[in-house]
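Keep in mind it's a predicted model, so treat the numbers as computed, not measured.
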Amino acid sequence: MSEEPTVRKPGCEAAILFLMPSSNEVEIKFKIADLAAISEKLKESGFRLKTSRTHEMNTLYDRVGQPLRRKGELLRLRKYGSEWLLTHKSKGGSGRHKTRVETQTNVADGEKMEAILTALGYKPSFRYEKYRAEWSDGTGDVVVDETPIGNFGEIEGPPDWIDRTAQRLGINTRQYITSNYATLFLDWKKRSHGKAQQMTFQEIGKSGPTL
């Protein structure tokens with residue numbers, strides 16, 4: 001089947017992003033004090049390890065004046081191991097859980113995607129790095145993130161399932177975090193008086209965590 005030509009209209013340089021399949025992302029984050037303990041709880045709760053601990057680098061893109069950030073939106077290029085993923089997220093909904101419309105697609109060549117974004121007027125606005133392991137029970141996912149500012153988990157799935165899973169893992173609703181990593185990084189900077197501009201192990205002055 002041949003593709004119809006795309007007509008570019010002024011101000012619609014990123015229209016290609018909205019041709020990708022979208023879904024509602026519902027999730028919460030929580031702080032992890034003991035990585036070994038949370039892994040054991042996940043096993044006991046029937047979760048299987050979907051992806052073992054893998055290095056991840058994320059770059060957020062925006063235009064001059066940061067219009068996406070002002071609208072509460074996000075455009076991200078992620079390298080997870082050897083795989084690349086381009087993601088757009090809408091402004092999040094308020095509530096106990098964080099809810100956003102997420103549109104994403106795999107990218108064969110991350111460097112070429114970077115060149116395309118740059119050509120469209122987007123520039124890197126923030127980078128954050130982590131090591132991530134992914135767990136699933138078939139209904140939703142729990143990820144374990146080791147970051148330069150601490151260890152965090154994310155529970156993503158149907159709202160009721162999120163609450164049940166959190167309870168099984170010993171997490172109460174007061175421990176829910178709905179901030180993204182850019183906001184958590186800014187909070188960390190305020191508390192620590194850190195000078196880093198990017199949330200990377202090198203810039204924050206820490207080596208990558210070990211197993």
I would like to know whether Arg132 and Glu154 meet salt bridge (charged side-chain N to carboxylate O under 4.0 Å, His left out); could you show each step before the answer?
CA-CA 10 Å; Arg132 166 168 284 189; Glu154 288 183 357; 3.3 Å; yes
What's the verdict on side-chain contact (heavy atoms from CB on, under 4.5 Å) for Val143 and Glu156, showing C-alpha distance, side-chain angles and the deciding distance?
CA-CA 8 Å; Val143 302; Glu156 181 178 348; over 6 Å; no
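Using a 4.0 Å cut-off between charged side-chain N and carboxylate O, Arg53 and Glu146 make a salt bridge. By the 4.0 Å N-to-carboxylate-O rule, Asp137 lies close enough to Arg168 to be salt-bridged with it. A salt bridge between Lys130 and Asp145 is present, with a side-chain N of the basic residue lying under 4.0 Å from a carboxylate O of the acidic one.
Using a 30° and 60° split on the angle between ring planes, Phe152 and Tyr181 fall in the perpendicular class, above 60°.
Heavy-atom neighbours of Glu83 CD from other residues, nucleotides or ligands within 6.0 Å: at or below the threshold of 12.
Between Lys89 and the options Gln104, Glu73, Glu25, a side-chain hydrogen bond (donor to acceptor under 3.5 Å, both in side chains) holds for only Glu25. Screening Leu186, Ile204, Leu184 against Met199 for a side chain to side chain contact (heavy atoms under 4.5 Å, CB included) leaves a single residue, Ile204.
Every ring pair (Phe, Tyr, Trp, His ring centres under 6.0 Å) that Phe126 has, sequence neighbours left out, goes to Tyr128, Phe185. For Ser90, there are no side chain to side chain donor-acceptor pair (under 3.5 Å) partners, not counting sequence neighbours.
Put simply, the side chain of Lys79 never gets that close to the backbone of Met57: no donor and acceptor are under 3.5 Å apart.
Looking at Asn151 and Tyr131, their side chains never bring a donor and an acceptor atom within 3.5 Å of each other.
Residues Ile116 and Leu85 fall into different hydrophobic clusters, defined by Ile, Leu, Val, Met, Phe, Trp and Tyr side chains chained together at heavy-atom separations under 4.5 Å.
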